Every structure is written in structure tokens, then in C-alpha cells.
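What follows is a set of notes on a single structure, which appears directly below.
Small disclaimer: the values here were computed from a predicted structure and weren't measured. Any value given below was found using the heavy atoms of this structure, including those in side chains, with hydrogens, waters and symmetry copies removed.
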Amino acid sequence: MTPVLKPENVTKVDELTVQFVLDTPYAPFLSTIPLVAIVNEDILTEEEVDGDWGTAWLASNEAGSGAYAVDAATYRPQEIIDLARNEDHFYGWDDNDDPIDIVRAHAVQETSTRVLALLRGDIDGTDGYLPTDQVDRVREAEGVHVAEDESMRIMVIRMNNARPPFDNLNFRKCVSHAFQYEGFIDIVLKGMVARNPGPLPGNLWGVPEDAVGYEYDPEKAQEFCDAAREEGVDLDRPLEIHIQSSLDQTTQSAQLLQQGLADVGVDVELVAATWANLTSSTGSVETTPDMWVHWVSTYFVDPENWIGQMYDSQFHGTWKASSWYSNPEVDELLATARTETDQETRADAYSEAYRKIVDDAVDIWIYNTVALRGVSDRVEGFKFSPIGSGSDFRWMSLTD
């Protein structure tokens, strides 16, 4: 995020009011407020070690003011987290006549085991990333259902626009037409996601009404590939597409692109990597892969979260801006959208930037995720949130 706020410019006005004075106008600021974690200073001061502000202690404890509190006695990272309802929560509980007192989230590594536990009634909900075979399994069972909610988590194959041959527009258009969008979405994923043709989730403001992306078209792919070769682009070296070894969809999508580019005479090799290694590799043009597959989730609900931080050249060297795309006109439009406070002006700027980015075939935009989770029929009050693709427990209750 653009640095726009100094610590000394956050002040207490009264017992219930905090004042933020920004260094420069930053329109997405209100949307980013949920990212700010407010903690109890007195508690952290007591737990501070070597000036770490209590960070080490916070790794297995909490000092916040949420509706539920972590049970530090049972907490084991990546394994167990038990939450107890904060009866004195400042927001109160009047909007929920029968809130849940204890929430237990115990990690179960195998998806099929999690679903079996749901069907047996041992748990009341799964994660929101059920594979298609498990979705069918839940749909066919009694006493449970599949909650389907379109999120704002977009899947994208990045192209390193600063490295040959991806610095050539015709070649990027070749790649864009070589991917089997419908085959991946309708056959591999059984239509359980929403086609997303550009650099913003389709269910967010700022998307042009006439937004049209690329479609699988082998003839066009060949035409653009031939045009790139005529311009002197060397396509003899094998290109690499880096996948996340633990996520099957990254492998499946990469294999489809590998097949599509093989049809036009371009060799692509799949390289397995971890998320940590991939994101750390994006610090320079030289170390960023030719292509890599990932998702961009909802850290805050504003176009800045996606198009703003993915395609403004000021963010080069971050994983979000790993396309190394540079277009002064786009930079100016994104700067306008970031600093203007008028919503219509912001939307127009994002829409125009969206069109230019798609015209430049910067990346391959595939789909917007539909969160698919198994839920017990006894759960009431589930309210989907695109941030974290989950729901606030405070609104939920259980029926017998």
C-alpha cells in the first residue's frame, strides 16, 4: 500500500473516536481500515521482548477486542484453534438471540476426511475450496448443503512483460488466445467458477460495461505467433511456467497452456515451486519467472487491491506487480483513481485503465472464484464475506 499515514498522525479524540490525518489523498483508505488490527497496548507492553512490541507473544495469544477470543491453552498453530464468545463485546449481541458460545476449528489435512466428518455430523462446516467431486458428494447427502458464493479471488497466469519474448505484444496476444478458458472452467472445474476476463473481479465496480477478454482461438494464436516471429522475436528457447506444487489447479491450467502453445510451435516447461519461493523471486525482472500461476485474493474491497497494485509500475518488485508491466498512461489513470474522492471519477479511471491493460494482453485472466463449502443444515446466519472468503461467527447460531 502506498505510504500515506504516519504513526504520529493517528490521534485519540475521545474515548470512542480516533482521528487519522493522511499525508496525501488516498481514496481506498476507508476500504483498508479492516486491515488495521487494534490491540491492547497495556497487554503488549507487558509481553514485549527486546522491543518487538509483543510480536512473538502474539504468535500464540491475542490482545484484541473481537467477538470471540482465542483459547491460548489449547491453541496449536496449523492444528487447533478454539474460540470463546466474548460476552462483553462492545458491539453487543442483541442482533443474535442464540449466539454460538464455543467455536472449534481443528485442522484435518485430507479433504475427503473433512467432508466425511461433515456428513457424520462431527463438524458443521468445511473450508470454502471444495473440489468438484466433494461438492457432488455433499449435494447428494441429507442434512447438509453446499454454500455457493462468488468471491473476489481471481485466478491469473502472469507473464513477465519485461523479458523476451513476453515484451512483444503480438506474442502476449498469442499466449492469450492459446489458453482453453472454457475447457478449463467447464470441464476441469465443472463450471463451478465464474469467467473473469480482466484485471478486476467481475462483481466489483470499476469494470467496464463492455468488458471483453480473450477467448481460446488456435487460429488467432497462430497468427499472432507468426507476427511475433516476423518482428524478429526468438521463440526457440523453452519457456517456463512456474506452478504451485501443492495446488492442482495451477498444474492443470499450466498443462492446458503448454498444450495450446505447443500447437503453435512454442515449447513450454512446467516448473514446480512453493508460494514462498515464487513470491520472493519477483523482486527483480531477472529472477521473476517467464510465467507463473496464482490467485489474487480480497485483502480489501476496492479496485486498488487488484488493478491498482498489480499494474502500476511504482509497485514493481512486489509479487502483485510481477508482470513488470509499464505504461505511463495506465500509471496516470491509476494515480487518479487512487487520489480522487469522487466515486464516478474513480470508476471511469479504473475502467479506462482496465481496457488498456486488456488491450496490452498483460496477463491471462481466467476466473473469479466461487466459494464452495459444505455446511450443516443446522447452521443459521451464515453471511459470506469476500475478505477471507468466510463469515463472521457473531451472526451464526445452531438449531437442533
Side-chain angles (χ1 to χ4, degrees), residues 1 28 30-35 103 105 111 114-115 118 124-136 138-139 144-158 181-182 184-186 188-208 211 213 244 246-250 252-253 275 279 292-311 319-320 347 350 354 357-358 363-376 379 381-396:
M1 183 187 301
L30 291 179
S31 297
T32 67
I33 286 292
L35 292 174
V103 176
T111 301
R114 293 197 295 273
V115 172
L118 175 71
D124 292 295
T126 70
D127 60 276
Y129 303 106
L130 289 184
T132 53
D133 61 324
Q134 298 299 327
V135 169
D136 293 338
V138 174
R139 283 175 174 167
V144 295
H145 63 278
V146 176
E148 302 181 36
D149 301 282
E150 184 172 352
S151 68
M152 294 179 176
R153 177 177 178 262
I154 63 173
M155 187 184 198
V156 59
I157 299 178
R158 310 307 291 268
Y181 302 92
E182 290 185 3
F184 183 58
I185 290 173
D186 295 337
V188 177
L189 302 181
K190 296 185 178 181
M192 294 183 181
V193 296
R195 174 76 174 103
N196 201 82
L200 280 174
N203 54 350
L204 180 67
W205 61 273
V207 177
Q244 297 183 54
S246 61
L247 299 174
D248 290 343
Q249 282 191 35
T250 66
Q252 294 162 332
S253 61
W275 171 255
T279 53
W292 69 293
V293 193
H294 69 98
W295 291 262
V296 180
S297 298
T298 316
Y299 299 99
F300 57 97
V301 184
D302 188 278
E304 172 74 3
N305 180 77
W306 294 273
I307 190 172
Q309 296 183 355
M310 293 171 70
Y311 300 107
W319 69 266
K320 270 193 176 182
Y350 281 129
Y354 183 112
I357 291 166
V358 172
D363 287 318
I364 299 172
W365 304 280
I366 303 174
Y367 71 71
N368 189 11
T369 304
V370 174
L372 300 164
R373 64 169 39 81
V375 182
S376 169
V379 175
F382 177 88
K383 298 181 179 181
F384 179 76
S385 169
I387 299 179
S389 294
S391 179
D392 192 335
F393 292 123
R394 71 165 295 110
W395 308 113
M396 296 188 201

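In terms of the side-chain contact (heavy atoms from CB on, under 4.5 Å) criterion, residue partners of R153 (sequence neighbours excluded) are, by chain and number, Y129, S151, W295, S297, T369. With sequence neighbours excluded, the residues forming a salt bridge (charged side-chain N to carboxylate O under 4.0 Å, His left out) with E148 are R139, listed by chain and number. Y350 is linked by a ring-ring contact (aromatic ring centres under 6.0 Å, His included) to W205, counting only residues two or more places apart in sequence or in another chain. Looking at residues two or more places apart in sequence or on another chain, you find a side-chain contact (heavy atoms from CB on, under 4.5 Å) between A211 and V207, P208, Y354. Y299 meets the ring-ring contact (aromatic ring centres under 6.0 Å, His included) test with no other residue; sequence neighbours excluded.
In terms of heavy atoms, P28 sits closest to E304 at CG-CB, 3.7 Å. Closest approach of L118 to D124, counting heavy atoms only: CD1-C, 3.7 Å. Between V358 and G198, the shortest heavy-atom contact is CG2-CA, 4.2 Å. Contact detail for G381 and M396: the closest heavy-atom pair is O-CG, 3.9 Å. Nearest approach of V301 to L204, heavy atoms of both residues: CG1-CD1, 4.0 Å. Nearest heavy-atom pair, T132 versus L189, reported as atom, atom and distance to 0.1 Å: CG2-O, 3.4 Å.
Residue pairs meeting the salt bridge (charged side-chain N to carboxylate O under 4.0 Å, His left out) criterion with at least one member in residues 193-206: none, sequence neighbours excluded.
The side-chain heavy atoms of Q249 and F184, taken from C-beta on, include a pair separated by under 4.5 Å. Looking only at side-chain heavy atoms (C-beta outward), H294 and V156 come within less than 4.5 Å of each other. Looking at heavy atoms from C-beta onward, K320 lies in side-chain contact with N305 at the 4.5 angstrom threshold. In this structure, the side chains of R114 and L130 stay at 4.5 Å or more apart for every pair of heavy atoms. Between L247 and W275 the shortest side-chain heavy-atom distance does not fall below 4.5 Å. Considering only heavy atoms from C-beta on, I307 comes within 4.5 Å of P199 through its side chain. Proximity of D302 to T32: side-chain heavy atoms (C-beta onward) are nowhere separated by under 4.5 Å. Side-chain contact between D392 and K383: absent, with no pair of heavy atoms (C-beta onward) separated by less than 4.5 Å.
In terms of modelled atom types and a separation under 3.5 Å, the side chain of N368 and the main chain of A194 share no donor-acceptor contact. Judged by distance alone, the side chain of D186 and the main-chain N or O of V188 form no donor-acceptor pair under 3.5 Å. Checking side-chain atoms of Q244 against main-chain N and O of V293 turns up a donor-acceptor pair under 3.5 Å.
Atom CG of D149 is separated from atom CG of L372 by 8.5 Å, given to the nearest 0.5 angstrom. If you take CE on M155 and CG on N196, they are separated by 12.5 Å, rounding to the nearest 0.5 Å. Here CH2 of W292 is found 10.5 Å from OG1 of T250. Values are rounded to the nearest 0.5 Å. W395 CH2 to S385 OG: the interatomic distance, rounded to the nearest 0.5 Å, is 12.5 Å.
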Assess the residue pair M310 and I357 against the criterion (side-chain contact (heavy atoms from CB on, under 4.5 Å)); give the C-alpha distance rounded to whole Å, side-chain angles, the decisive distance to 0.1 Å, and a yes or no. CA-CA 11 Å; M310 293 171 70; I357 291 166; over 6 Å; no
Checking T298 against W306 for the side-chain contact (heavy atoms from CB on, under 4.5 Å) test, could you report, in this order, the C-alpha distance in whole Å, the side-chain angles of both residues, the deciding distance, and whether it holds? CA-CA 8 Å; T298 316; W306 294 273; 3.6 Å; yes
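Environment of CD in Q252: crowded, with over 12 heavy atoms of neighbouring residues, nucleotides or ligands closer than 6.0 Å.
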